[in-house]
Number of protein chains: 4
Amino acid sequence: MPSPRTDNDTFIHRARRTQLVDTAIAVIADLGTDRATISRIAAHAGVTRGVVTYHFRDRTSLFDAVVAHVYELAHRELDTRVHTTNDPRESLREFIIGSLDFYADHPAAMAALSAIYRSPDTPRSDRAEHRSEITDLQDILVAGTKSGQFRDFDPSVMADTIRAALDAALVRIRSGTDIVGEKRELWAIVDGATRITG
Amino acid sequence: MPSPRTDNDTFIHRARRTQLVDTAIAVIADLGTDRATISRIAAHAGVTRGVVTYHFRDRTSLFDAVVAHVYELAHRELDTRVHTTNDPRESLREFIIGSLDFYADHPAAMAALSAIYRSPDTPRSDRAEHRSEITDLQDILVAGTKSGQFRDFDPSVMADTIRAALDAALVRIRSGTDIVGEKRELWAIVDGATRITG
Amino acid sequence: MPSPRTDNDTFIHRARRTQLVDTAIAVIADLGTDRATISRIAAHAGVTRGVVTYHFRDRTSLFDAVVAHVYELAHRELDTRVHTTNDPRESLREFIIGSLDFYADHPAAMAALSAIYRSPDTPRSDRAEHRSEITDLQDILVAGTKSGQFRDFDPSVMADTIRAALDAALVRIRSGTDIVGEKRELWAIVDGATRITG
Amino acid sequence: MPSPRTDNDTFIHRARRTQLVDTAIAVIADLGTDRATISRIAAHAGVTRGVVTYHFRDRTSLFDAVVAHVYELAHRELDTRVHTTNDPRESLREFIIGSLDFYADHPAAMAALSAIYRSPDTPRSDRAEHRSEITDLQDILVAGTKSGQFRDFDPSVMADTIRAALDAALVRIRSGTDIVGEKRELWAIVDGATRITG
DNA sequence: TATGAATGAGGGTTCATTCAT
DNA sequence: TATGAATGAACCCTCATTCAT
């Protein structure tokens, strides 16, 4: 008996997987990873528990699919924006604004991703693997420092900090803050933090 | 119930509680709240599970003790530093540097606190109660804006962002970054983010 | 939660539930409610503990099923008998004899019901709900007093006492007394207690 | 070190035991045997848990002491009353009225005794042992039948039934029924049940 | 493709009991 | 006498997972 989890690739199969990933995202975003049990996800999707474990080998595999899905989304919607310009400051601005737009468009997806990456117990195989799919923030920062547009800072610390700031913004956005204000405030913060001191 | 969990105050009792709180902090910091089960904490402390439930009514109560302990630590080590000056920029600087110093001194404690406050399932009774004991970052920011030392920003967004940046720094510090560099970099970032634009 | 505990209705499912309810009745009747743990019931049924919690959400739900089952039994076997006549004394006699017959047919079921209703800790959701399904003894007594067949007594005290007498008879029947003798003796007692004094 | 549970017989020792037995009675009557844990009894008595297990080898032993105490009470207050007359009907009447008086005077004691004897899991060593201390109801019944004052019934069934009726009355008395009415009603019932049929 | 059934590990909690002080 | 400390068994419950159909 061929395990459909690996080789099957029918339409229904793909549709079910997509549906379950979407549901998982919603449940994880709402309840956190721990309470996002297979039972709850199945119930939320209107299917029996067995369906989930039929399409995904195990919980780890489902959560991996969630991560992959969100990264793919982000890749599609964000990367092109950042690469429309070669100007580091412009790129950085696009990255910030674009990220916030992305959060506003897919708050659950992003929240799920954060939740998964935050909880150390949540099973996932990869982590680093997908990171590269996304615009490398650090590259932008290094380029800006080299070009003299940014002041001289530790790019890894700065990248880390900016990501943390974006994460915090996500929480606010999910609770309904004004997205326009968020963009303005956050860009002002990041701009100030990177700019050459007068 | 004349359970020692509430009224006992012998030396051994206090010592055990302290030991268990410390162990809980270590386990929570390492594994996260969900995997910080009573069993694991007990094993890590080299005692049987019963010892934990003997000294703490339940898991909630143990986690509450952890929160209280860390807040007390932070209060003692941080608050006085910030209040030595009335200058908002100086206060902010003290807050940043002091926080990082505190993280360097008690990395696990701070990580545990973060973990507890982050996970929505983790049982804890208070939350807001202790918050006020600690320096209110937002007050400093508002004061600085009023005094004209800081630019005009949304203080709640700024406070949120700074806290997120500190949280991210904590992770780096726990993995062994140079604390001096961290202080320099983070203060530069925060200073730049709040400063009046040239 | 698409748990089979609620909506499933397959043959196996019903069979298991019936089996477990029957086993629960036996164990409760033998050991009392407190010692009728899920473990013991499962062991007695020859299944693992998980099977029980799979088919019944929790212990309360299992005990509720027991209560419902016994009430349904009693309803079917007893109610019709009592209502075949309108004569209060005849009704009362049918109630006594019928109850004892029922006890003889289902001694464990009745013992379990008694045990559940007696223990205040035992979880059960309903209690009063089903009471009405069964013949209301007190109504018969009031009717008999009004019609002049019974002497003038407090009907609630009398009903309470008769029920207690039946409960005591149940214990004897379970230990193997002669059912014919029980019927004769108990009816003589109740008849004498309610009859008009010569 | 001499275990005080067995041989010690100081004043304090006896006083403590009495106090604990009294408390146990109150707790058992209120909460039932299962919830009458050592902790709760100790708390209710205002002592630590250790005190209880110091004075009583184990829970069984404490419950045994409760049983013995109540039997002794009943013996003192009830037996003499019954034996003031040789007339079986008078004796029976004294037994009924006297029992109800006793229940009214010591409702908790009697309720505790019932609770202990009812629950099969409750640890107790004796049961039958003490029964003889109390007036043997069955003897009265047999005597009355022989003397022709009572009709011809199975004395063990009748005794059992009367005891059950008294138990039911105890519950009502504990919830505050009129004791005078109870005496009247119950004696009428028992009298009717035993009397020669007109 | 789907699912009902079963399993067993593990979690938190309560409690009687033992023991050293 | 008294008690604080510790222990371990047992409880109910949740869940991920496996398997036969």
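A, B, ... follow the sequence lines: proteins, then strands. Residue 1 opens every chain.
For L62(D) and dC15(E), the CG to P distance is 15 Å, given to the nearest whole Å. Residue R35(B) contributes atom CZ, which lies 13 Å from atom C1' of dG10(E) at whole-angstrom precision. As a whole-Å value, the separation of D58(A) CG from dC19(F) C1' is 16 Å. Between the CZ atom of R14(C) and the C1' atom of dA5(E) there is a distance of 15 Å, given to the nearest Å. The CD1-C1' distance, from I41(B) to dG11(E), rounds to 12 Å in whole Å. The interatomic distance linking R17(D) (CZ) with dA2(F) (C1') rounds to 16 Å, in whole Å. Atom pair F56(B):CZ and dG4(F):P shows a separation of 17 Å (rounding to whole Å applied). If you take CG of D34(D) and P of dA10(F), they are 17 Å apart, rounded to a whole angstrom.
Annotation: H106(D), atom NE2; neighbour count of heavy atoms from other residues, nucleotides and ligands within 6.0 Å is above 12.
The shortest side-chain heavy-atom distance between F56(A) and V21(A) falls under the 4.5 Å cut-off. Contact annotation: the side chain of I116(C) never approaches that of V70(C) to less than 4.5 Å [non-hydrogen atoms, C-beta and beyond]. The shortest side-chain heavy-atom distance between F63(D) and I28(D) falls under the 4.5 Å cut-off.
Relative to the side chain of T48(B), the nucleotides dG8(F), dT3(E), dA2(E) differ in distance, and dG8(F) lies closest. Distance from the side chain of R49(C) is smallest to dG10(E) among dA2(E), dG10(E), dC15(E). Of all nucleotides listed (dA2(F), dA6(E), dC15(E)), dC15(E) comes nearest to the side chain of R40(D). Comparing dG12(E), dA6(E), dA2(F) by their nearest atom to the side chain of R16(D) picks out dA2(F). Distances were taken from every side-chain heavy atom of R59(B) (C-beta onward) to each of dT17(E), dG12(E), dG8(E); the shortest belongs to dG12(E).
Listed by first and then second residue, the side-chain hydrogen bond (donor to acceptor under 3.5 Å, both in side chains) pairs that reach into residues 18-29 of chain D are R16(D)-Q19(D), sequence neighbours excluded.
Contacts of D30(D) classified as salt bridge (charged side-chain N to carboxylate O under 4.0 Å, His left out), with partners at least two apart in sequence or in another chain: R174(D).
Along DNA chain E, the nucleotide nearest V47(C) and the nucleotide nearest I38(B) are compared for position; the residue whose nucleotide lies closer to the 5' end is V47(C). Closest-nucleotide positions on DNA chain F for V51(B) and S39(C) were compared, and the one nearer the 5' end corresponds to V51(B). Sequence order on DNA chain E of the closest nucleotides to G50(C) and T37(D) puts G50(C) first from the 5' end.
OP1 or OP2 of dA2(F) lies within a sub-4.0 Å distance of a side-chain N or O belonging to H55(D). Put simply, Y54(C) has a side-chain N or O that comes within less than 4.0 Å of OP1 or OP2 on dA5(E).
Under a 3.5 Å cut-off, the side chain of R49(C) and the backbone N or O of A42(C) do not form any donor-acceptor pair. The closest donor-acceptor contact from the side chain of R59(D) to the backbone of T37(D) lies at 3.5 Å or more, if one exists at all.
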Convert the base pairs of DNA chain F into dot-bracket notation, remembering that pairs crossing earlier ones are written with [ ] and that bases paired across to another strand are shown as |; include only Watson-Crick or G-U pairs under 3.5 Å. .||||||||||||||||||||
